[in-house]
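In this chain, numbering begins with 1 at the start of the sequence shown. What you see below is based on every heavy atom in this structure, not just the backbone, and it leaves out hydrogens, waters and symmetry mates.
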Amino acid sequence: MTKRFIAQSGGGCQVKIFIAETGTLHKIINVGPGTISSPPICTEGQMFVGVTDSSGNSSTKYYSSPGFALKKVVSL
């Protein structure tokens, strides 16, 4: 069975990842530099979040699940 996760903004540039079945904190990741501009969303295979840097440039960062390593960054 695949683990399911819930992502929640944890402040300016942090995302807290929880195990959906138990509500237990799984990991805290730093998505900086920049601040979160759109809420993090977890799907079965990845998590993505919108980030705006200090220059005002926006991007979407994609992280693999369940390790939550940065997979790719798409500039908007």
Side-chain angles (χ1 to χ4, degrees):
M1 181 174 167
T2 304
K3 276 190 180 179
R4 295 177 195 256
F5 298 96
I6 299 169
Q8 174 185 2
S9 295
C13 62
Q14 288 187 339
V15 174
K16 294 179 180 180
I17 309 294
F18 297 91
I19 298 171
E21 289 80 16
T22 63
T24 305
L25 182 63
H26 174 70
K27 191 170 208 167
I28 297 175
I29 58 173
N30 185 345
V31 298
T35 56
I36 296 171
S37 57
S38 64
I41 298 173
C42 277
T43 63
E44 295 218 4
Q46 66 184 357
M47 186 272 296
F48 55 94
V49 61
V51 177
T52 302
D53 67 17
S54 60
S55 301
N57 299 318
S58 295
S59 61
T60 301
K61 295 187 176 186
Y62 293 84
Y63 295 83
S64 60
S65 175
F68 295 96
L70 183 62
K71 195 160 68 168
K72 69 178 175 178
V73 178
V74 177
S75 297
L76 304 174

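With Lys61 contributing its side chain and Gly50 its backbone, the two residues share no donor-acceptor pair below 3.5 Å. Side chain of Ser55 to backbone of Asn57: no donor-acceptor contact under 3.5 angstrom is found.
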Trace of the side-chain contact (heavy atoms from CB on, under 4.5 Å) decision for Gln14 with Ile29: CA-CA 6 Å; Gln14 288 187 339; Ile29 58 173; over 6 Å; no
side-chain contact (heavy atoms from CB on, under 4.5 Å) between Ile6 and Ile17, worked out: CA-CA 6 Å; Ile6 299 169; Ile17 309 294; over 6 Å; no
Test log, rule side-chain contact (heavy atoms from CB on, under 4.5 Å), inputs Lys27 and Phe68: CA-CA 8 Å; Lys27 191 170 208 167; Phe68 295 96; 4.3 Å; yes
Candidate pair Met47 and Ile41, rule side-chain contact (heavy atoms from CB on, under 4.5 Å), full reasoning: CA-CA 5 Å; Met47 186 272 296; Ile41 298 173; over 6 Å; no
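Between Gly11 and Ile36 the shortest heavy-atom distance is O-CD1, 3.8 Å. The shortest heavy-atom contact between Gln46 and Ser65 is N-CB, 3.9 Å. In terms of heavy atoms, Thr52 sits closest to Ser58 at OG1-OG, 3.4 Å. Nearest heavy-atom pair, Pro33 versus Val51, reported as atom, atom and distance to 0.1 Å: O-CG1, 3.7 Å. The shortest non-hydrogen separation linking Cys42 to Ala7 is SG-CB, 3.7 Å.
Under a cutoff of 6.0 Å and an axis angle of 45°, Lys72 and Tyr62 form a cation-pi pair.
In this structure, the side chains of Lys16 and Leu25 come closer than 4.5 Å at one or more pairs of heavy atoms. Tyr63 places a side-chain heavy atom less than 4.5 Å from the side chain of Val49. In this structure, Phe48 and Thr43 have side chains that are in contact, with non-hydrogen atoms separated by less than 4.5 Å. The shortest distance between side-chain heavy atoms of Pro66 and Lys3 does not fall below 4.5 Å.
Taking the six-membered ring for Trp and the full ring otherwise, the centers of His26 and Phe18 sit at least 6.0 Å from each other.
Between the CD atom in Glu44 and the CZ atom in Arg4 there is a gap of 4.0 Å [rounded to 0.5 Å].
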